[in-house]
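Note that the structure is predicted; figures quoted are calculated from it, not measured. Naming: A, B, ... by sequence-line order, numbering from 1 per chain.
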Amino acid sequence: MEFKQKILNNGLNIIGELNDSAKSAAVGFFVKTGSRDESMQINGVSHFLEHMLFKGTEKLSAFEVSAAFDRTGAQFNAFTSEEITAFYAAALPEYISQITSIWIELMRPALRNEDFDIEKNVIKEEIAMYQDMPDFEAAEKCRTLYFDSHPCGQSILGSAENIDNLTADQMRSYFNSRYVPNNMLLVTVGNFNWRQICSLAEQSCSGWRQIPAGRNSDDYAGSCKTGRIEKPNIAREHICLMSHAVSAQDDRRFAAFLLATIIGDSTGSRLFWEIVDKALAEEAVVRLGAMDGTGVFQTYIQCSPQNADKAMDTVSRIFSDVAKNGITEDELAKAKNKILSALVIKNEIPMGRLFDVGLNWLYLNQYRSVADDLDAIKSVTIDQVCQIARELKITDYTRFSIGPSQKS
Amino acid sequence: MPENFDKHTLKNGMVLLGEQMKGVESVAFDFMVPSGAAMLPEGVCGAANVIEDWLFRGAGEKNNRTLGDALDGLGLHRSSSVGSSHITIGSTLESSSLHQAIDLYADIILRPQLTDDQFKPARQLVIDEITALDDDPKQKVMLKLRELFYPQPLGRSTAGDIEQLRNLTPQKTRQLVSEHFNPAQTIFAVAGKYEFDKIVSQIERLFETGTKRSAQKIRTEPVAGNYTHIHNEGAQVHIGLMTPTVGPADEDYYNARVAISILAGGMSARLFTEVREKRGLCYAICARYHCMRGYAGIMSYAGTTPEKAQDTIDIIIAEFSRLSDGITADEIDRAKAGLKSALILQSESSSARASGTGSDYFFLGRIRSLDEIKEKIEKTNADFVISFLKKNPFKQYSIVSIGPKEINPPSAQQTRVN
């Protein structure tokens with residue numbers, strides 16, 4: 001593995017991790033923009049833009065873009081989060097330059113009015129799809145409740161009403177302020193030609209104009225509020241909890257990751273043994289969401305409405321116990337083994353590696369090899385995990401649930 | 001046998017398959033035990049799911065907790081599933097722990113404790129998972145579609161039936177395990193970094209019973225109907241549609257795969273272009289190949305708001321029908337490129353390869369090398385695909401919808417579930 005890096009004069013970062021023995025490569029653009037960078041009025045615009053980039057450029061129609069990708073056999077997609085919009089593709093090495101060229105072109109899209117109007121329908125269908133996924137809806141509403149007026153609480157998709165009211169001009173002006181080279185990153189990993197990627201970017205991206213693009217990255221410790229909605233067509237209780245954790249820049253993130261695994265991994269964790277194994281709930285998991293400047297522990301429980309109180313009592317007892325008494329050496333050793341093997345497995349595939357390399361650069365401005373991350377996990381001590389458990393007050397959570405009507 | 005593949009057959013008939021992968025530290029393995037939903041008798045629908053959970057609640061000398069700790073201690077990532085033909089249990093892990101993991105899995109498969117007190121939570125979780133499907137209409141519609149499309153018992157629910165589960169006892173379930181956990185018909189597949197000789201001698205020691213037991217035969221019955229609607233006051237109508245096609249051993253198999261790819265392989269494929277891009281009817285729309293022994297189909301999903309549901313299903317069916325009218329050279333090239341590239345990308349993942357070799361063997365009785373598949377994809381062309389489509393026109397559709405509004409399927413025969 002060899003790391004490569006270049007910055008163009010306009011601030012565009014180009015990074016790569018070469019692995020000559022890989023059978024494929026992955027390439028993508030990571031743009032540091034998401035729902036937290038939107039004003040309330042244009043909420044949903046980052047995600048809308050992600051869709052619009054595939055609608056083509058002045059030269060290419062949407063169909064020509066799709067056909068150009070499909071001709072290479074690439075597996076490609078994009079996603080939008082609270083803070084990142086990522087466009088990525090994996091393909092055979094011989095196609096990577098061609099795919100990089102397509103991505104570069106798409107980063108300067110036409111954003112046509114007629115495409116915008118038809119895509120509104122698709123976005124509203126996507127919003128409707130998530131309304132039929134109560135686990136997703138509980139998580140999103142919990143996030144909004146947790147972050148209160150902090151911008152990280154804004155919906156990624158936006159509401160159907162907001163999408164109806166959004167104008168193409170608002171979208172274009174948001175695009176102009178966020179898709180600037182100094183706020184973007186071009187990442188390539190696996191088996192590819194570094195010089196070719198650089199020269200493509202130099203030729204085609206050097207003219208992109210640099211404009212300062214900041215963001216409010218204040219930390220926020222959560223509102224501790226509680227909310228619930230009822231839906232007549234729902235069978236289970238979907239409970240989401242959020243409490244304060246560490247940011248993606250915090251050195252304690254590895255200890256926090258281990259803590260989340262010990263408390264709430266899908267197998268072998270405390271929640272697993274006390275809740276799922278005993279069939280109090282079919283799902284009870286905790287994960288760490290380390291973000292730009294802030295972070296959350298997110299817990300999700302899915303159970304029968306009758307078991308909801310009992311399951312929640314158990315969760316609270318486990319959280320308090322961990323905060324008060326810490327964890328055991330044995331728990332730490334098992335969690336380390338699980339995380340270490342997961343890291344190895346994930347990073348064997350260029351598409352898996354792309355995200356770790358890209359996100360580390362975006363958050364830390366730093367290259368971290370797989371070995372760096374493995375070492376960081378191995379070197380976490382029991383005292384560090386216990387300290388995190390004590391200091392972060394996982395017991396002070398915001399709670400939002402969705403479930404069927406409660407009989408009085 | 002292709003050069004990076006391994007195969008060994010025990011005296012009792014159990015087959016061990018392997019695929020060596022260069023440059024990886026991981027290894028993945030699957031035990032495919034012939035006790036899936038369709039292999040069990042009438043009246044115990046869901047028992048396979050209970051067994052799959054119950055097996056892990058103590059085996060050999062280890063109880064529920066110490067077994068779970070031992071598996072976690074190896075850092076392995078478990079995967080298990082219940083299909084129509086098999087219960088598949090396996091994991092992905094760092095190769096240094098492979099042999100310890102196989103020892104644990106031998107206990108789980110051959111010496112599960114299956115205690116009465118662990119039966120209740122295992123069964124409860126399966127019942128809860130079935131109830132929870134009501135909150136996941138996207139998944140539920142595809143499960144119901146399989147039930148409708150395949151003849152019984154192949155179409156039997158792989159999630160389970162709550163009434164039948166309530167009547168299931170530990171005694172009955174233990175009996176099912178002893179009757180159906182037949183090592184002779186179990187397939188073991190491994191992919192990644194491993195030494196095959198060591199695996200063979202370990203599995204021989206653990207699984208060689210000496211007694212051959214033949215595979216169980218199942219008789220299939222005709223399918224029940226072609227449209228089911230399940231009412232749900234959700235935001236969307238979730239539509240699943242399936243139509244018969246050729247099986248993996250058929251000479252037209254690769255023509256069928258290319259045809260599906262033209263319909264739904266990428267973002268320039270027809271369904272995505274016509275349904276989503278041109279008309280904005282859906283966000284999620286896809287189609288893929290699905291098969292069981294003796295039966296195969298093309299399975300499509302679309303989710304859309306009620307007022308657009310009829311247009312969506314009409315256009316999907318129109319696109320299926322239109323396919324045999326003509327295919328452009330560029331479409332063929334894109335479809336082939338997508339299929340070939342998916343093959344190579346998948347070949348980098350040890351878990352994908354382990355399940356790929358296992359199912360290849362089950363359906364074909366042999367493993368196909370990547371080169372063979374590539375070559376067969378290369379050989380197809382527009383004329384072959386068109387002539388295949390003319391020979392096998394899409395006539396019959398099984399359709400399931402879940403949502404606030406029914407749709408009009410292409411023909412009248414239907415059943416309704418409330």
Heavy-atom donor-acceptor pair, Glu348(B) side chain to Lys23(A) backbone, under 3.5 Å
yes
Chain B contact via Glu282(A) - side chain, backbone, both or neither, heavy atoms under 4.5 Å:
both
Given 3.5 Å as the limit, does a donor-acceptor pair link the side chain of Ser268(B) with the main chain of Asp70(A), or not?
no
Contacting region of Ala342(B) [heavy-atom separation from chain A under 4.5 Å]
both
Side chain, backbone, both or neither: which part of Thr273(B) has an atom under 4.5 Å from a heavy atom of chain A?
side chain
So which of Asp134(B), Leu74(B), Val24(B) has the largest heavy-atom pair count under 4.5 angstrom toward chain A?
Val24(B)
For chain A, the option from Ala337(B), Ala28(B), Ser350(B) that forms the most heavy-atom pairs under 4.5 Å
Ala337(B)
Starting from the C-alpha separation in whole Å, work towards a yes-or-no answer on salt bridge (charged side-chain N to carboxylate O under 4.0 Å, His left out) for Arg71(A) and Asp330(B).
CA-CA 8 Å; Arg71(A) 244 171 249 131; Asp330(B) 197 39; 2.9 Å; yes
Could you check which of Lys278(A), Met133(A), His238(A) has the highest count of heavy-atom pairs closer than 4.5 Å to chain B?
His238(A)
Leu281(B) portion near chain A, given a 4.5 angstrom heavy-atom threshold:
backbone
Could you give me the CA-CA distance, side-chain angles and deciding distance for Glu348(A) and Glu25(B), then say whether side-chain contact (heavy atoms from CB on, under 4.5 Å) is met?
CA-CA 8 Å; Glu348(A) 280 177 355; Glu25(B) 289 304 315; 3.8 Å; yes
With a 4.5 angstrom heavy-atom cut-off, which part of Asn64(B) approaches chain A: side chain, backbone, both or neither?
both
Should Arg65(B) and Asp277(A) be marked as a salt bridge (charged side-chain N to carboxylate O under 4.0 Å, His left out) after you check the CA-CA gap, both sets of side-chain angles, and the distance that decides it?
CA-CA 10 Å; Arg65(B) 184 63 195 249; Asp277(A) 184 69; over 6 Å; no
Can you tell me how far the CD atom of Glu94(B) sits from the CD1 atom of Ile345(A), to the nearest 0.5 Å?
7.5 Å
Could you check Glu125(A) against Arg276(B) for salt bridge (charged side-chain N to carboxylate O under 4.0 Å, His left out), going step by step and ending with a plain yes or no?
CA-CA 10 Å; Glu125(A) 286 299 334; Arg276(B) 176 167 154 171; over 6 Å; no
The reported gap from CG in Asp128(B) to CG in Asn307(A) (rounded to nearest 0.5 angstrom) is 7.5 Å
Do you know which of Ala281(A), Ala235(A), Ala74(A) has the most heavy-atom pairs under 4.5 Å to chain B?
Ala235(A)
Region of Ala90(A) in contact with chain B, defined by heavy-atom distances below 4.5 Å
both
Atom pair OG/NE2 of Ser341(A) and His77(B) - distance to nearest 0.5 Å
3.0 Å
Contact origin within Lys278(B) toward chain A - heavy atom pairs under 4.5 Å:
backbone
I need the Glu277(B) CD to Ser61(A) OG distance, nearest 0.5 Å.
10.0 Å
Side chain, backbone, both or neither of Leu93(B) within contact of chain A (heavy atoms, under 4.5 Å)
backbone
Are Lys124(A) and Thr305(B) packed together at the side-chain level, in the sense that at least one heavy-atom pair is separated by less than 4.5 angstrom?
no
Among Glu64(A), Gln131(A), Glu126(A), single out the residue with the greatest number of heavy-atom pairs under 4.5 Å to chain B.
Glu126(A)
Under a 4.5 Å heavy-atom cut-off, does chain B meet the side chain of Ala68(A), its backbone, both or neither?
neither
Distance, nearest 0.5 Å, that separates OG1 of Thr131(B) from CD of Gln302(A):
10.0 Å
Is a side-chain N or O of Asp135(B) found less than 3.5 angstrom from the main chain of Arg236(A), in a donor-acceptor match?
yes
If one checks every heavy atom of Ile234(A) against chain B at 4.5 Å, the contacting part turns out to be both
Which region of Phe54(A), side chain (C-beta onward) or backbone (N, CA, C, O), has a non-hydrogen atom less than 4.5 Å from a non-hydrogen atom of chain B, or is it both or neither?
side chain
From CA spacing to verdict: salt bridge (charged side-chain N to carboxylate O under 4.0 Å, His left out), Asp132(A), Lys138(B)
CA-CA 8 Å; Asp132(A) 281 352; Lys138(B) 217 176 156 187; over 6 Å; no
May I ask you to decide whether Asp72(B) forms a salt bridge with Lys338(A), counting only side-chain N to carboxylate O separations under 4.0 Å?
yes
Rounded to the nearest 0.5 angstrom, the CD1-CG distance for Ile402(B) and Asn233(A) is 11.5 Å
Proximity breakdown for Ser97(B) and chain A, heavy-atom pairs closer than 4.5 Å:
neither
